[in-house]
Amino acid sequence: MEKETEYEDKSQDTINVARLFELGLLSLFIKEYRTALEADTEMDRAQAIARLRNAMQKQCVDFKKKVSKASKNDMKVIGDLAYNNLHKKSKKLVKPTKIVNRWQKKNNAYWRKYIKTKGTNLTIDDKGIIQSFKFLLDQDVKGIVDGTLEIDKAVANTIHKLSNEGISVIDYKTRTKRNVEVFVRQQMVYAAKESTNDLRKKNAEKDGVTIWEWTAHADARPTHKEWQGKRFDTTGKYYPKSVSHGQESDYGCLHRAMPVYDKDDPYAYTQKELDNIDTKPFKWNGKTYNGYDAKQQMRAMERKIRQCKREIALLEENGLKDSESAKSTRYLLKKVNSDYSSFCKAYGTYRRSKRLKI
């Protein structure tokens, strides 16, 4: 069978653009926030808000251009890799260029739809960025005027909140909200998966292949376990025409249909291997995890590590490197990193280093 393309690993340029965009916006927010806290008049504060709004719009325009360019480069890498990994018996009659270009156009349409030039669908804690700025400012200015809050402490508190919340993209029609990085990552994984499937299918059709075999992976959804590792035949001659009943189109499904060039070729997985493919329950820190729960725990730990790194970077950028907030966050980062390594070891997997970057 063909090798599967590591979609996420080949979308790093696009994901890095999203990370830099988020960190850049947070940095702008904090810069103008300190300025507004130090201002003497409402006019000065209003000017800080205006500067943030204008800078945010420029960042959004720049982000749209950069994410489009990066996704184009990533899609080419993904297409070339998928082409090189086609079955060794494939004649490779269909090149990846047209398919990759078609999916890149879909990516661009997606970026245009959800990256608003004025940043009106970017949120922090369910509030628009400017709305969030005003809300936090109103709270902290009162404390500073009353003498109950120091400016450095107010800035540190805001950095902590922003680092934990991050910046999300919201679709106001569906009320779906996703972190900027997740928003980009999911689209790239989807586009990479579908473009690779299209390339594989087109070449198999040219080669006269009608038999396909579903891949299998540990801890699949119960309904998907029923058909993973099984074969189907588009003609219905040797195997059923369908075994998945369209469930492979479910959001986030990791199963792929791979062409079978010879019906007598052995299956990729034996029935015994399929019966024992799931992660065995394990204990960590007194709690028992199954495979699905373990994945969720890993993602939560990865998010916490990124949050800590963002907070430390913003504190240092704002002259608060030696503050109590920075010290406590560095300690927390060290602990979560240690817990993450320990958990991965107990799970029998490895650290996802690329998911820990900011």
Parallel, tilted or perpendicular: which describes the rings of [X] and [Y], with under 30° parallel and over 60° perpendicular?
X	Y	answer
Y33	F29	parallel
F183	W111	perpendicular
F282	Y289	parallel

Taking [X] first and then [Y], would you say they form a salt bridge - that is, a charged N and a carboxylate O separated by under 4.0 Å?
X	Y	result
K113	D171	no
R102	D198	yes
K225	D278	yes
R231	E213	yes
R310	E22	yes
D80	K76	yes
D146	K142	yes
D152	R34	yes

Would you mind reporting whether [Y] and [X] have side-chain heavy atoms less than 4.5 Å apart?
X	Y	result
S71	M188	yes
K72	M75	no
Y269	W214	no
Q297	K287	no
K295	Y347	yes
T14	V67	yes
R330	L333	no
H87	D207	no

Cation-pi check for [Y] against [X]: NZ or CZ below 6.0 Å from the six-membered ring centre and within 45 degrees of the axis, yes or no?
X	Y	value
R351	Y340	no
K66	F21	no
K92	Y83	yes
R352	Y350	yes

message: Using the rule given for side-chain contact (heavy atoms from CB on, under 4.5 Å), can you reason through L122 versus C60, listing the C-alpha separation, both sets of side-chain angles and the distance that settles it, and then say yes or no?
response: CA-CA 10 Å; L122 298 178; C60 288; 3.8 Å; yes
Looking at [X] and [Y], would you say the former's side chain and the latter's main chain have a donor-acceptor pair under 3.5 Å?
X	Y	result
T196	A192	yes
N197	R256	no
N318	L320	no
D62	K58	no
K98	V94	no
K177	S168	no
D13	A70	no
D219	T279	yes

From the list I167, L20, L162, side chain to side chain contact (heavy atoms under 4.5 Å, CB included) partner of L25 resolves to I167
Whether the [X] and [Y] side chains hold a donor-acceptor pair (N or O, under 3.5 Å, no angle test) is what I'd like checked.
X	Y	value
H255	Q228	yes
N54	R51	no
D275	Q271	yes

- W103/Y110 under ring pair (Phe, Tyr, Trp, His ring centres under 6.0 Å): CA gap, chis, key distance, verdict: CA-CA 10 Å; W103 275 97; Y110 189 81; over 10 Å; no
Checking side-chain contact (heavy atoms from CB on, under 4.5 Å) for the pair D74/Q12: CA distance, chi angles, key distance, verdict? CA-CA 7 Å; D74 283 343; Q12 282 304 306; 5.8 Å; no
Can you give me the closest heavy-atom contact between [X] and [Y], atom names plus distance?
X	Y	value
A55	L28	CB-CD1, 3.8 Å
F63	I115	CE2-CD1, 3.6 Å
A216	G229	CB-N, 4.2 Å
M298	C344	CE-SG, 3.8 Å
S325	S328	O-OG, 2.9 Å
L199	G79	CD2-O, 4.0 Å

Hey, any chance [X] and [Y] share a hydrophobic cluster, counting ILVMFWY side chains that come within less than 4.5 Å of each other, even indirectly?
X	Y	result
L274	F232	no
L332	I159	no
Y114	Y190	yes
F133	M43	no
I312	L356	yes

Return the [atom1] to [atom2] distance between [X] and [Y], rounded to the nearest 0.5 Å.
X	Y	atom1	atom2	result
T158	I30	OG1	CD1	5.5 Å
T120	I130	OG1	CD1	11.0 Å
I124	K161	CD1	NZ	9.0 Å
I15	R355	CD1	CZ	8.0 Å
L314	H160	CG	NE2	12.5 Å
E311	N164	CD	CG	6.5 Å

Exercise for review: Verify side-chain contact (heavy atoms from CB on, under 4.5 Å) between S242 and W227, making sure each step is shown before the conclusion.
Suggested key: CA-CA 9 Å; S242 174; W227 49 265; over 6 Å; no
| task | Begin with the C-alpha distance, continue with both residues' side-chain angles, and end with the deciding distance and a verdict on side-chain contact (heavy atoms from CB on, under 4.5 Å) for E194 and K106. | result | CA-CA 11 Å; E194 293 302 320; K106 292 184 179 182; over 6 Å; no
